[in-house]
Engineer: 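Please see the structure below; I have some questions.
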Amino acid sequence: VATALDSDVRGAITTLDSSGSHSIFCGTQTKLYKYNSGTLTFDDVSTAATTYNVPSGYNWSFHQWGDFLLATNENDGLYKYDLTGGSAFVEVTAAPHARAVTNVGEYVVLLYISGSPTRVQWSEIGDVDNWTVGNNGADFQDFPDGGDVRAALGSEGGAIILQQKGIRKMDYTGGDFTFAFSKISSS
């Protein structure tokens, strides 16, 4: 049992770090929290002096990438938390603002980029902090049809991307284009 938070939970995740330790994280409209099993409370692990602003009707998107927990929402951008010794989330300032996050192998992938709802964009290989298009595989893809990007299920070699009116496959190819995209279904 835990002490209740002062506002509604807008997303949650459990994590398992490389040392075998489990943690529980959640977010509200304005804060990010980590469960403290010793005090049975949720500790505020938000970026210092930050009040987030998750849009009405939307949630935090969380994703574990190695020993980092990634969190995003369209208004506030991408944040990371070091699961092996972090005390607060840190903003990934080079990343675009997006509604959702996943990964494909060593690439962090953001979905529904703010201002470009049909776009997916990925980081440089193995580097959540760098997003310069053209460097170390970082790039983006705008889809000409299928509507807004809604979600994705990433894996080691690709992802399935769900759009408003379609489904696409994202395959790692390497080389100059990093990923190839194909339409699986459309409505």
Engineer: Name the atoms and distances for all side-chain donor-acceptor pairs under 3.5 Å in residues 143-150, with sequence neighbours left out.
Structural biologist:
| unit_1 | atom_1 | unit_2 | atom_2 | d |
| --- | --- | --- | --- | --- |
| Asp145 | OD1 | Arg168 | NH2 | 2.3 |
| Asp145 | OD1 | Lys183 | NZ | 3.4 |
| Asp145 | OD2 | Lys183 | NZ | 2.8 |

Engineer: Using a distance-only test with no angle check, is there a side-chain donor-acceptor pair under 3.5 angstrom linking Asp139 and Thr178?
Structural biologist: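 Side-chain D/A pair, Asp139 to Thr178: absent.
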Engineer: Once you measure the plane-to-plane angle for Tyr172 and Tyr107, does it fall in the parallel (<30°), tilted (30-60°) or perpendicular (>60°) bin?
Structural biologist: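 If you compare the ring of Tyr172 with that of Tyr107, the planes turn out tilted.
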Engineer: Ring centres of Trp122 and Phe179 under 6.0 Å apart?
Structural biologist: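 Yes: the rings meet the under 6.0 Å criterion.
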Engineer: Can you sort out the partners of Glu74 under salt bridge (Lys or Arg N to Asp or Glu O under 4.0 Å), two or more places apart, ordered by chain and number?
Structural biologist: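 Only Arg99 meet the salt bridge (Lys or Arg N to Asp or Glu O under 4.0 Å) criterion with Glu74.
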Engineer: Which residues satisfy the salt bridge (Lys or Arg N to Asp or Glu O under 4.0 Å) test with Lys34, sequence neighbours excluded?
Structural biologist: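 Lys34 satisfies salt bridge (Lys or Arg N to Asp or Glu O under 4.0 Å) with no residue once adjacent residues are dropped.
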Engineer: Would you tabulate the side-chain donor-acceptor contacts of residues 5-13 under 3.5 Å, counting partners in other chains and residues two or more places apart, or write 'none'?
Structural biologist:
| unit_1 | atom_1 | unit_2 | atom_2 | d |
| --- | --- | --- | --- | --- |
| Arg10 | NE | Tyr58 | O | 2.9 |
| Arg10 | NH2 | Pro55 | O | 2.7 |
| Arg10 | NH2 | Tyr58 | O | 2.7 |

Engineer: Under the rule for side chain to side chain donor-acceptor pair (under 3.5 Å), what residues qualify as partners of Asp44, not counting sequence neighbours?
Structural biologist: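 Asp44 satisfies side chain to side chain donor-acceptor pair (under 3.5 Å) with Ser46 only.
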Engineer: How long is the straight-line distance from OG of Ser56 back to CG of Asn75, given to the nearest 0.5 Å?
Structural biologist: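 So the CG of Asn75 and the OG of Ser56 are separated by 10.5 Å.
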Engineer: Does either side chain, that of His63 or that of Asn103, offer a donor lying less than 3.5 Å from an acceptor on the other one?
Structural biologist: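 Asn103 and His63 do have a side-chain donor-acceptor pair below 3.5 Å.
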Engineer: What residues, two or more places apart in sequence or in another chain, satisfy salt bridge (Lys or Arg N to Asp or Glu O under 4.0 Å) together with Lys165?
Structural biologist: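 Lys165: no salt bridge (Lys or Arg N to Asp or Glu O under 4.0 Å) contacts found.
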Engineer: Phe89 vs Tyr81 aromatic rings, parallel, tilted or perpendicular, using cut-offs 30° and 60°?
Structural biologist: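 Judged by the thresholds at 30° and 60°, the geometry between Phe89 and Tyr81 is tilted.
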